[in-house]
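In this chain, numbering begins with 1 at the start of the sequence shown.
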Amino acid sequence: MKLTYLGHSAVILETEGGKVLIDPFLTGNPRAALSADDLDPDLIVLTHAHGDHWGDTESIARRTGATVVGSAEMAGYAAARGLKSHGMNVGGRHSFPQGNVRYTPALHSNSFPDGTYAGMAMGVVFEADGVSVYHAGDTALFSDMSRIGDYGIDLALLPIGDNYTMGPEEAVEATLLLRPKVVVPVHYATFPVLLQDASSFKASVESRAGVTCHVLEPGESTIVQG
């Protein structure tokens, strides 16, 4: 599986079954590697509905016909706008042609930019091609991350920006609980309040957790291996 970091929390996964876009905040993102028009996903998977995660979902899904996957409330919101959608909830798992989506808890608020209630914020474990990627979404550290680690995480995308989510220190603790093979920091440096030293996080997580950390610049890719 090829993972490309698009900036903020947005990534695209290329699997044997197709392309999966997660949290596509591109328009208005000063660090976005691509524009919304550059992307042609088959599936758009959302962790929650805040503007910096819902982002360009509507325009991309309308243009490409991609299925929008999120909480039942988010899927209903998308369907009301004429988009193809599939609603899920925490603890649920569903198989798509592109891979398996399993939603996990996340400790965060959740509403659309217009204030519409969007259900629970969630993280997601995506499984395809014999590997698993955990996108934590926006979350605080919580002890049940150890149970998420029981799924066998090959790569974990963890927010380190602090203020709205856990910061670098908590993300190291999350790594210890999750036990992934590789960690990629996300949700940092996009705005002044989220400025963090990713190289310092890399040094800390590799020394304390013994886990490889790839600091990806927007537009850079890595291959997820089992």
For the backbone of [Y] and the side chain of [X], can you confirm whether one donor and one acceptor N or O come within less than 3.5 Å of each other?
X      : Y      : answer
Thr116 : Phe112 : no
Asp42  : Ala66  : no
Glu170 : Gly167 : yes
Asp56  : Leu26  : yes
Thr175 : Ala171 : yes
Asp129 : Val131 : no

Heavy-atom pair of closest approach, residues [X] and [Y]:
X      : Y      : answer
Ala106 : Gly123 : CB-N, 3.8 Å
Lys84  : Gly65  : CD-O, 4.2 Å
Thr15  : Ala128 : CG2-CB, 3.9 Å
Tyr188 : Gln196 : CD1-O, 4.2 Å
His108 : Asp138 : CB-O, 3.0 Å

Ignoring hydrogens and angles, state whether a donor on the side chain of [X] or [Y] is under 3.5 Å from an acceptor on the partner side chain.
X      : Y      : value
Ser35  : Asp37  : no
Ser95  : Asn100 : yes
Asp114 : Tyr77  : yes

Hey, quick one: are Tyr164 and Met120 part of the same hydrophobic cluster, counting side-chain heavy atoms closer than 4.5 Å, chains of contacts allowed? no
What about Ile153 and Val211, same hydrophobic cluster or not, with Ile/Leu/Val/Met/Phe/Trp/Tyr joined at side-chain heavy-atom distances under 4.5 Å? yes
Given side-chain contact (heavy atoms from CB on, under 4.5 Å), test Met88 with Val69 step by step and report yes or no. CA-CA 7 Å; Met88 297 180 64; Val69 182; 3.8 Å; yes
Does the cation-pi check pass for Arg102 over Tyr151, that is, NZ or CZ under 6.0 Å from the six-membered ring centre and within 45° of its axis? yes
Are Pro24 and Ile44 packed together at the side-chain level, in the sense that at least one heavy-atom pair is separated by less than 4.5 angstrom? yes
Tell me, do Leu141 and Leu177 make a side-chain contact under 4.5 Å, heavy atoms counted? yes
Of all pairs that satisfy salt bridge (charged side-chain N to carboxylate O under 4.0 Å, His left out), the ones with a partner from residues 153-168, not counting sequence neighbours: Asp154-Lys181
For His187 and His53, take the angle between the two ring planes, folded into 0 to 90°, and tell me which bin it lands in: parallel under 30, tilted 30 to 60, perpendicular over 60. parallel
Ring-plane angle category for Phe191 and Phe25, please: parallel below 30°, perpendicular beyond 60°, tilted otherwise. tilted
If you take the centroid of each ring, where Trp contributes its six-membered ring, are Phe96 and His86 closer together than 6.0 Å? yes
Among Ile223, Val182, Ile12, Leu157, which one satisfies side-chain contact (heavy atoms from CB on, under 4.5 Å) with Leu3? Leu157
Taking only Lys NZ, Arg NE, NH1 and NH2, and the carboxylate oxygens of Asp or Glu, determine whether Asp150 and Arg179 approach each other closer than 4.0 Å. yes
Stepwise, does the side-chain hydrogen bond (donor to acceptor under 3.5 Å, both in side chains) test hold for Thr47 with Asp23? CA-CA 7 Å; Thr47 63; Asp23 288 359; 2.7 Å; yes
